[in-house]
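Since the structure comes first, as structure tokens, the remarks are kept for the end.
Side-chain atoms are counted along with the backbone in the values below, which use heavy atoms only and exclude waters and symmetry mates. Each chain gets a letter, A, B and so on, in the order the sequences are listed, and its residues count up from 1.
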Amino acid sequence: MNKQLVNIKNVTIGYQSKKVLDSVNMQVNKTDFIGVIGPNGGGKTTLIKSILGLIPIWEGSIDVNIRKSKIGYLPQFNPFDKAFPISVEEVILSGLSGKKHLFKRVNKTDKEHTEVLMKQAGIIHLRSKAIGQLSGGQIQRTLLCRALISKPELLILDEPSTFVDSQFEGELFEWLAELNKQIAIIMVSHDIGTISSHVKTIACVNGHLHYHKSNKITAEQLAHYECPIQIITHGEVPHQVLATHKH
Amino acid sequence: MDFFKGIFEYTFINHALIASLFSSVICGILGSYIVSKRMVFISGGITHASFGGIGMAFYLGLPPFVGAAVFAVLSAFGIEWISKKGNVRNDSSIGILWSLGMAIGIIFIYITPGFTPNLMSYLFGSILTVSTGELVFMGILALVIALFFILFYHPILFVSFDENFAKAQKAPVRLINYSLMLLIALGIVINIRVAGIILVMSMLTLPQNTANLFSNNFKQIILYSILISFAGTMAGLAGSFWLGIPSGASIIFTLTLIFFMGKVLKILIERLKRKQKQFLPVK
């Protein structure tokens with residue numbers, strides 16, 4: 001049976017008095033790979049932050065059936081201080097700062113796991129470098145390792161390919177496909193061309209949420225939801241017309 | 001040589017030595033956190049707000065240290081709370097508490113009948129008059145702070161590096177932040193005795209920035225800061241003894257001198273490295 005990890009029911013969220021998401025429904029099941037697309041300001045990041053419990057919801061409910069520390073998260077921006085004295089290895093280990101680890105010290109197993117991840121991301125030679133000395137792509141790889149160190153059951157990636165070079169982007173999607181055999185992945189991106197060939201299903205967020213049980217995007221669909229269509233790289237757009245949505 | 005003879009002959013110099021050791025541990029650890037988290041002006045606000053407590057304690061006839069501690073802790077929590085909950089800008093709330101504390105202090109000292117003794121020693125510090133009781137408190141505080149940072153090194157580092165991520169992981173962010181604010185407030189108040197309200201900020205920033213010139217590792221910055229702090233305090237005390245100048249100012253001056261010497265040393269080291277690279281054999 002496909003285990004349900006997250007159930008978002010009729011959720012409405014906003015900031016101050018402005019409504020950003022309006023009665024949104026979505027389920028995340030084990031081994032899902034959901035691509036979240038939509039225009040800037042459409043509420044993609046808001047949706048993710050609400051799943052993580054970082055912002056209060058106005059109406060509805062979000063049931064999260066796994067421990068919060070079992071959600072791996074790669075944030076969109078890097079809001080941290082680049083001059084902060086912390087090494088790559090320590091940043092990755094900080095992915096373990098869930099509740100049970102306050103009195104539990106970092107042990108050998110954690111360090112070994114960190115090493116495996118650093119090798120996989122190709123940043124093992126940078127392990128003791130300070131985070132501020134890294135390039136944007138290297139920081140992104142480090143943060144991806146941080147999201148994976150807690151062995152998450154759900155991985156949430158907010159614009160993971162920002163700053164990442166095209167070579168690592170390929171490796172990244174291979175890595176994600178491998179991970180997806182075990183865990184669910186939600187990936188936010190406005191690069192529709194890249195996203196649609198790797199994800200299994202697509203959620204389009206623009207105030208409302210439209211869910212498609214397929215990774216095919218049609219031009220009609222995009223126009224209908226006012227989603228951005230500037231980056232479609234598939235060559236021929238498959239003409240698959242879905243039933244119209246009632247708003 | 002008088003200074004070194006004095007070390008063994010006079011209790012007040014003995015006290016000053018022990019006080020500077022404890023103060024170096026307290027400031028070395030807390031300052032590394034404050035500098036890394038860019039909280040220098042928050043600690044400035046806490047320091048100056050505590051003057052209100054000193055003034056009030058004078059008026060009520062209580063020990064000034066107690067008044068300062070109460071005001072420091074309240075303003076530290078106030079700043080932490082306002083910056084999270086209130087709609088006031090962080091730096092504005094610091095500025096308001098900073099001057100409000102000073103104003104309260106001035107009003108109460110003005111209405112206190114008679115002469116207020118030792119007022120200058122709170123403004124500029126006087127490490128040579130530290131009492132045994134204060135020494136004991138300093139020792140306990142230094143121990144508590146050191147233990148706190150040893151036990152919770154990783155959580156402290158992780159929460160101060162990326163608070164939002166720690167929150168998403170359900171790490172006890174608020175507990176850690178408030179505990180650290182409490183330790184900072186108490187650490188500042190006890191160091192007012194050493195360096196004074198006006199100068200204590202540099203004890204929390206100068207050694208740490210000197211250490212940061214040579215290391216980007218939080219643990220190393222803490223250790224180097226403690227060493228630099230202790231060396232600087234010693235040299236500053238000796239200087240104040242020989243030249244007959246106030247100890248607080250002398251210590252700060254020495255710490256600044258060490259910082260600039262470190263800066264020059266770093267520039268020289270980098271030049272040398274570059275030169276070595278130039279002379280590497282061409283393959």
Approximate separation, where rounding is to 0.5 Å, of [X] [atom1] and [Y] [atom2]:
X: A/Gln133; Y: B/Asn216; atom1: CD; atom2: CG; value: 5.5 Å
X: A/Leu143; Y: B/Phe165; atom1: CG; atom2: CZ; value: 8.0 Å
X: B/Lys167; Y: A/Lys49; atom1: NZ; atom2: NZ; value: 10.0 Å
X: A/Asp81; Y: B/Arg38; atom1: CG; atom2: CZ; value: 4.0 Å

> What do you reckon, is NZ of A/Lys151 surrounded by more than 12 foreign heavy atoms closer than 6.0 Å?
Replying inline: no
> Step by step, would you call B/Tyr153 with A/Glu90 a side-chain contact (heavy atoms from CB on, under 4.5 Å)?
Replying inline: CA-CA 11 Å; B/Tyr153 177 76; A/Glu90 284 170 330; 3.6 Å; yes
> Considering only heavy atoms, which portion of B/Leu157 lies under 4.5 Å from any heavy atom of chain A: side chain, backbone, both, or neither?
Replying inline: both
> In terms of heavy-atom proximity below 4.5 Å to chain A, should B/Ser215 be classed as side chain, backbone, both, or neither?
Replying inline: neither
>> Heavy-atom cut-off 4.5 Å, strictly under: side chain, backbone, both or neither for A/Ile86 against chain B?
In response: both
> Based on non-hydrogen pairs under 4.5 Å, which of A/Ser87, A/Ser128, A/Gly95 is most in contact with chain B?
Replying inline: A/Gly95
> Of all heavy-atom pairs between B/Ser36 and A/Phe84, which one has the smallest distance, and what is that distance?
Replying inline: O-CD1, 3.4 Å
> Taking all atoms of both residues into account, what is the closest heavy-atom pair of A/Tyr73 and B/Ala168, and its distance?
Replying inline: CD2-CB, 4.1 Å
